[in-house]
Number of protein chains: 2
Amino acid sequence: MFESYTIKDIAKALGVSTSTVSRALKGSYEIGAETKKLVQEYAEKVNYRPNPIALSLKDQKSHSIGVVVCEVANDYFSQAINGIESIAYNLGYHVIITQTHESFDRETVNVQHLLSRHVDGLLVSLSAQTTDTSQYKYLHEKGFPIVFFDRIAADINTHRVVADNFKGAFDATELLIKSGFKKIAHLTNSNNLSITVERLNGFKAALAKHGIEFKPGYLKNCEHGGMIYDEIEFAVKALLAMDDRPEAVFIGSDRLTINCMSILKKLGVKVPDDLALAGFTNSEVVDLFDPPLTVVRQPAFQIGQKATELLIKTIESKWPVEDFTTERVDTLLIERLSSQKLK
Amino acid sequence: MFESYTIKDIAKALGVSTSTVSRALKGSYEIGAETKKLVQEYAEKVNYRPNPIALSLKDQKSHSIGVVVCEVANDYFSQAINGIESIAYNLGYHVIITQTHESFDRETVNVQHLLSRHVDGLLVSLSAQTTDTSQYKYLHEKGFPIVFFDRIAADINTHRVVADNFKGAFDATELLIKSGFKKIAHLTNSNNLSITVERLNGFKAALAKHGIEFKPGYLKNCEHGGMIYDEIEFAVKALLAMDDRPEAVFIGSDRLTINCMSILKKLGVKVPDDLALAGFTNSEVVDLFDPPLTVVRQPAFQIGQKATELLIKTIESKWPVEDFTTERVDTLLIERLSSQKLK
DNA sequence: GTGAAAGCGCTAACAC
DNA sequence: GTGTTAGCGCTTTCAC
């Protein structure tokens, strides 16, 4: 096995005490210049690294943060994790990632697991199935640092970082309207999610602004957050089978947008001729699609970074934090062929 | 802050000693049935969780493994990490991910960082820039567990998990040949990488089998592993500008395949009419591309799993491991429009 | 200016 | 059957 030097080894080698070594290494003023130099040079020479586990045990912090997301192999979340990691790394934390696969049970198990690992705080994006947020409420009340991002718990007053989902949805919907569509459907995620509600509101607001009535029949929710292909296919087919079939659809989630394209292609429905399309996604290759996709992009990397900064600030705060912010960052609308009305 | 119960709290509350609690909790036979029950019920009640940091300090293991990859926001690696995490999670390890962004310096820093965190072992996929593997050699010789996956170090005899890159390349190239192409270029990664060499060999073997001469001019390396867009664009343009311009190109990396498509589209080069294309990628949406892409997929998830299993087995081995395996898993060739010869 | 020792949470060897 | 204690690596208070 691989051994590394401890403070004790250095102390023994140099014939001083461990406390001297400890102090010398952090340049304490109490240590004589030559001793200090001696110790520091020796430590350097043997490539001494303090044992972070011992430090953690001492100061009762694990220097790790737990992340709860639905899926890593998802463009939005892999980008967000990238942001999380970049901040955590710089501030000396490491990141433990867990996936819910949109299941509430799995989410609960993950949180328990992370707590048993004594993470110093939690970065959470709720699963599509989650309605009961009491475990977070309990922890939050006990003073345990939690930051929600993307899919937040409305009833827990802690730091939150989200995209401006309302505006993102509004913009995309308005774009479809301005392209000339009036019959616009909305395919979206589980109603449990904050993002679903916000995006639906943005969708409705855009319709209202342009005097278009919201038709409940044009709204399709996929309760499993796009994890179940058949559910999406069912919803898409239902839209296509309507008497007053929509001409366009605005899609409220990354996975749904991609899967919807895939289903339409399979069914031989031409985009945008038969059905125009705009949707949320963070995929970087949608301009290579046939047709190129009109999308709402979220600054996932920055969202991950901000959430992590807030979390670590909370963790390291000397005083109980009581003042919580909700950061809202802009989305980006990119128009491509899929949302255009062809002659 | 958030406090949790320790063995000491339980001992005090129950008026027994800490060792009794410790033993009772692991159901030791030395403890009387009623004491055991008492302790276990109390621990359950207060939701006791052993402090993993204390355990780590005791048995000199951090129960964490370090991962070195070039990029997380890459389909192949995010899928591999998924596999890594799934195994690590089940075996009680957590995973610290670092990214090299294809830089050797960054890789060195990352390895140092991971070692300073006292990870129990390393899962490594080399950066495109790396030629000097001495840091790994040094660690390996000291008995430190390392498993290479995907981009391996040829000169270090440790566990390795790779796709059958030779065959994957061979199959894709042969497919192009069978489609009727003879002038086939190869756009690929840095020559430093094991995968580059293996895929090139597969490419050459397929040409040879069908009596086609290998033209060095048709081989383009992107030394930065596709991180620099201009480099790829330069290579693609060079191929297109050749007197004896290739009719098809086989691409040896995920990022290059996607970027090449993007460049061809920008240049107005029609695929497969003007240039047919087949390449390695693990993107799940390439069937939505225009045109749908012919690809070689790697079982990234399984590769991640296997590598992690081997690593943890090595870590937990009671004896120094001397017998190392190289696991080679099959790739999957999926034919779509991009590789077909149109009339 | 430096050393001794306690303590963080847990386990295990050694009492009794 | 249960308690006492040392020790994992490090910091820090208290001595000198």
Side-chain angles (χ1 to χ4, degrees), chain A residues 1-40 42-43 46-64 92 115-120 316, chain B residues 1-43 46-64 92 115-120 316 318:
Chain A
M1 269 310 311
F2 187 73
E3 305 290 336
S4 46
Y5 279 79
T6 70
I7 223 168
K8 218 174 183 172
D9 299 325
I10 300 180
K12 203 183 297 167
L14 264 40
V16 297
S17 77
T18 57
S19 40
T20 301
V21 176
S22 172
R23 279 182 281 228
L25 287 174
K26 31 178 56 59
S28 161
Y29 63 93
E30 332 171 70
I31 301 293
E34 55 237 272
T35 315
K36 207 183 274 183
K37 188 155 171 253
L38 190 70
V39 170
Q40 289 176 343
Y42 186 78
V46 301
N47 195 28
Y48 166 77
R49 307 263 170 229
N51 184 330
I53 298 166
L55 291 175
S56 291
L57 184 62
K58 190 110 204 35
D59 66 10
Q60 296 301 313
K61 305 223 299 134
S62 63
H63 291 275
S64 61
L115 292 177
S116 78
R117 289 239 179 237
H118 285 229
V119 293
D120 296 333
E316 295 185 344
Chain B
M1 269 311 311
F2 186 73
E3 304 290 337
S4 45
Y5 279 80
T6 69
I7 224 168
K8 219 173 181 171
D9 299 325
I10 300 179
K12 204 182 299 168
L14 264 40
V16 297
S17 77
T18 57
S19 44
T20 300
V21 175
S22 172
R23 280 183 281 227
L25 287 174
K26 30 176 62 57
S28 163
Y29 63 92
E30 329 171 73
I31 301 294
E34 57 237 270
T35 315
K36 207 182 275 183
K37 188 156 171 251
L38 189 72
V39 171
Q40 288 175 343
E41 279 174 356
Y42 185 79
V46 302
N47 195 26
Y48 166 78
R49 307 262 168 230
N51 185 329
I53 298 165
L55 290 174
S56 291
L57 184 61
K58 190 109 204 36
D59 67 10
Q60 297 298 315
K61 305 224 299 134
S62 63
H63 292 276
S64 61
L115 292 177
S116 78
R117 289 236 179 239
H118 284 229
V119 293
D120 296 334
E316 296 186 343
K318 300 261 186 285

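Labels below follow one simple rule: chain letters A, B, ... track the order of the sequence lines, proteins then strands, and each chain is numbered from 1.
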### Task
Give the minimum heavy-atom separation between A:Lys36 and A:Ala24, together with the two atoms involved.
CG-O, 3.7 Å
#### Entry: Heavy-atom side-chain proximity of B:Thr6 to B:Asn51 below 4.5 angstrom
no
#### Entry: Of residues 27-38 of chain B, the positions that come close to DNA chain C - non-hydrogen atoms, cut-off under 4.0 Å
none
### Query
Got a second to check how far A:Ile53's CD1 is from B:Gln60's CD, nearest 0.5 Å?
7.5 Å
#### Entry: Atom of A:Ser62, atom of A:His118 and distance for their closest heavy-atom approach
OG-O, 2.5 Å
#### Entry: Heavy-atom pair with the smallest gap, counting every atom of B:Arg23 and B:Ile31
CB-CG1, 3.7 Å
### Query
Listed by chain and number, what are the ring pair (Phe, Tyr, Trp, His ring centres under 6.0 Å) partners of B:His63, not counting sequence neighbours?
B:Tyr93
#### Entry: chain A footprint on DNA chain C, 5' to 3' - any atom under 4.0 Å from a heavy atom
C:dG1 to C:dG9
#### Entry: Start and end of chain B contact along DNA chain D [non-hydrogen atoms, under 4.0 Å]
D:dG1 to D:dG9
### Message
How long is the straight-line distance from OH of B:Tyr42 back to CG of B:Leu25, given to the nearest 0.5 Å?
### Response
12.0 Å
### Message
Which residues in residues 7-16 of chain B have a heavy atom closer than 4.0 Å to any atom of DNA chain C?
### Response
B:Ile7, B:Lys8
### Query
CG/A:Leu115 to CZ/A:Arg117 distance, rounded to the nearest 0.5 angstrom?
12.0 Å
### Summary
In short, A:Ile10 meets A:Ala43 closest at the heavy-atom pair CD1-CB, 4.0 Å
#### Entry: Heavy-atom pair of closest approach, residues A:Ser17 and A:Ala11
C-CB, 3.8 Å
### Between the first and last five pairs of the helix from C:dG1-D:dC16 to C:dC16-D:dG1, the angle of the axes, rounded to 10 degrees
60°
### Query
If you look at every strand shown and take non-hydrogen atoms under 4.0 Å, does B:Ser19 touch a base, only sugar-phosphate, or nothing?
base
### Task
Write down the atom of A:Val39, the atom of A:Leu14, and the distance for their closest heavy-atom approach.
CA-CD2, 3.7 Å
